Structures are given as C-alpha cells and as structure tokens.
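What follows is a short report on a single structure.
What's counted below: heavy atoms across the whole structure, side chains too, no hydrogens, waters or symmetry copies. What you see is a predicted model; the values in this text were computed from it and never measured. Order of appearance sets the numbers: ligands from 1, and atoms from 1 within every ligand.
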Amino acid sequence: MASEGFDIKRGLKDVYFDTTEASFIDGDVGKLLYRGYNIHDLAEKATFEEIVYLLLYGDLPNQRQLDDFNVEFRGSRSIPEEVINVLRVVKDCHPMDALRTGISALSAFDPDVTDNSIEATRRKGIRLTAQAPTIVAAHHRIRNGLDPVAPNPGLNHAGNFLYMLRGAEPTEDENRLIDVDFVLHAEHGANASAFGARVVASTLSDLHSAVVTGVAVLKGPWHGGAAEEVMKMALDIGQPENAEEYARKLLDSGGRVMGFGHRVYKAEDPRARHLRERSQRLGQEKGQPHWFQILTYLEQNVMAPYRDRGIFVNVDFFAGSIYYLLEIPDDLFIPIFALGRIPGWTLQCMEQYSDNILLRPLLEYTGEMDLEYVPIDQR
Ligand code: ACO
C-alpha cells in the first residue's frame, strides 16, 4: 500500500479550481446568474440569441449589435456535404454520438481550427452553436430515410432547429418553448461537461476537441441524460395512480429518481420553475395532462421527504415532458441540451485560454508496490 493521509476530495466536491465571470450559482438558495443577470429574467425576457451574445461578448446586445450578430450566426448554420456523408455512415448510432462525430468532422473544414486566440475561439463557438442543430436535424432525418433540410435564414435559432428536424415551420409557441429551453441550458459553471471542456482547453488543444469532450461528458445519465430517463420513467408509470408504487420500488432497490438531486443545488434548481409551468400548460393544450400529474406526484409526494437532504427537482425533470409533447423522440433530449450548452463551453474555454494553467490533479495510489517483474513464460 502507498502512504495514506492525503486530503482527497472525491469527485472534486466543493473544490474551487479557478475563477469565472460566466455564471454565478448559489446552490443553497437556488440562485443562478449568467454574467450577472438573473436566470428568471433571462428565461422570461431574453432570446437564446441574446444569451449567446451575452455569454460570448460579455453583455446583452443592443438592437444593432444583435442584428449584426444574427447575420453572422444565421449565416453559419450550413455544414459541408462531407459532414452530411459522415452522418450517413453513422446513421444508426445514438444522436448524441452523431453530434459528437459531426462536430469532430467539422474540425476538418473550419478555417480557424488550430487558432486558440480569444477572437478565433469566439468565432468557432458561434459557428459550432449555429452548426450543431444542423448536425442533429440532418442525422435525425437521415436515420428516418429522409433528406436533410437546409437551414432557413428567416427563422431564429430555435425555430430553425425545429424546422430542419420536421421539415415544417413550428408554431410560435413551439418555437418559444425550445428557445426558453436553450436559454436555460446555456451555461452552468463547473459542471462535469464544462470541466471536461476546460481540461481539454488547458492542454492548449482546440475548441472543436473541447466541445467534442463536452458532448461526450454530457451524454451520461447522471448529467444530461437525465431528461431522457425521466420521460422513460413517466412512460413506464403510465398513469398518476401507478407513480407511488413504481417510485417506491425503484428507491427501495437503491435506484435514483432521475431529475432529482444536484451536486451544487441543495434547494430547487431555479431553472426547473420555468419548465414546470410550461410542461403543465403544454400538457393541458395537448390533452395529455397526466404526464405532468405523474411528475408532480413524484415531486410532491414520493420525493418530498428528500428535500430535508437537499434533494429537489433539477432542470432535467420537466424538460423531457416538454420535448415529448412536442413529439420529439426521446433520444434527441440530450442533444437538445447540448445545443443549448455550446456557448457555455465556448466561454469557459475562452476563460481557460485567457489565463491558462494545465488542469492536472493527483490520485492517491492504493495498489501494490515494487513487485518483481516475472517473465511471461514463468507466470
Ligand atoms: N434519487 C434518490 N436519491 C438520490 C438522488 C435521486 N435522484 N440523488 C441523490 N440521491 C441520494 C444518493 O443516493 C445519496 O444517498 P446516500 O447518501 O444515502 O448514499 C445522496 O443523495 C447523495 O448523492 P450523491 O450521488 O453523493 O450526490 P452527488 O452530488 O454526487 O450527485 C447527482 C448528484 C449525480 C446529480 C445525483 O443527485 C443523481 O444521480 N441524480 C439523478 C440524475 C440526475 O437527475 N442528473 C441530472 C443532474 S442536473 C444536470 O446535470 C443538468
């Protein structure tokens, strides 16, 4: 055994490893600010385009700045035919894997790929934010035997995504639902995927590699995968009266109710409020109120005792029901999260590059020591 007594912070819990101006989180009271602006204001009043600008340029744009930004942003949505062909090759994989592969392939065509200056990283972040929905939509259509739909420069980011996915323009309400969802997912401190992206940037690798890593880390069910799992659970439960028994069995067998709990929030995740209200309204409009009833039963009954332990709903809990009611297949839930998060990953890489230090922690070795090497024919 190696020596003992190191101060190990398993899972890097409660460890501050740098400073940031991207977002402020007070997990005890459930407060979230993007560059100083409260998420409650932003979710109700701002568009995703304004958020991308806010994060990448440092403040909310005026109208002229937003118009100029939109020219660049909307003009960056196309992806090369070669990347579409890569998506054809991998058409049977999970959409999150297709997104990861597509972003990786895009690096072969980006003129700034090896330039890690702040300006080039911002340009690449804008391009990747604009191109990623095109990848997700194209892959989805290809796997369904359909031709990809070209981006529509007349639509905003959220509306264009739904348009490319379905081949038809969304309603204003559908557009705003996805817009708000993107706003809520845009940035969130040192979460696992942003940390992964920062580790990549800290080696002075490039933004495409960092975003590929962000997508890979986000995929796990303990991170971005939870929304998909929540809706699978709601579908398994079927009706509100089955919720109690289902959840008790799950918890008694040591399982976790997805969409609850958070490493930082020990109060309600402030993003959940905006999706809760919208999930309820959409369920009523679509004549399917029971999904919301199942979710609120879990929240207000089964999981109520967990509040004393700081376990509340997180952003993923109601998101899945919204996507489901918009008839978006469940394996697209995580990619949608990723589409919203690319500006946050980009900003964090910009921060990492601007005052870089290699991210390289230590592990305490607990294995055998000084073993004698035995030649293979004598083992
Ligand atoms: N359901 C039931 N029990 C839970 C849940 C849950 N969703 N979450 C945490 N707990 C319990 C754990 O079993 C553990 O209990 P114990 O102390 O008796 O062993 C205790 O709460 C602490 O859990 P940890 O895993 O140590 O807490 P951590 O901060 O590491 O985990 C995490 C946070 C991974 C998000 C966890 O709450 C979880 O697995 N939640 C479900 C998955 C989920 O919703 N992920 C999305 C997070 S938000 C996001 O990434 C966008």
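- For the pair Arg122 and Tyr57, the cation-pi test (distance below 6.0 Å, angle within 45°) is passed.
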Does Val230 form a side-chain contact (heavy atoms from CB on, under 4.5 Å) with Phe333? I'd like the steps, not just the answer.
CA-CA 11 Å; Val230 173; Phe333 296 2; over 6 Å; no
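- Proximity of a side-chain donor or acceptor of Glu351 to a complementary backbone N or O of Glu21 within less than 3.5 Å is detected.
- Sorted by chain then number, the residues whose non-hydrogen atoms approach ligand 1 to under 4.0 Å are Lys13, Pro221, Trp222, His223, Ala226, Leu251, Arg256, Val257, Met258, Gly259, Phe260, Gly261, His262, Arg263, Met303, Tyr306, Arg309, Ile311, Asn314, Val315, Asp316, Phe337.
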Ile336 and Phe182: CA distance, side-chain angles, deciding distance, side-chain contact (heavy atoms from CB on, under 4.5 Å) verdict
CA-CA 8 Å; Ile336 292 176; Phe182 285 157; 3.8 Å; yes
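- A cation-pi arrangement is present between Arg256 and Trp222, with the terminal nitrogen or guanidinium carbon under 6.0 Å from the aromatic centre and inside a 45° cone about the axis.
- Scanning all heavy atoms of the two residues, the minimum distance from Ser354 to Ile118 falls at CB-CD1, 4.0 Å.
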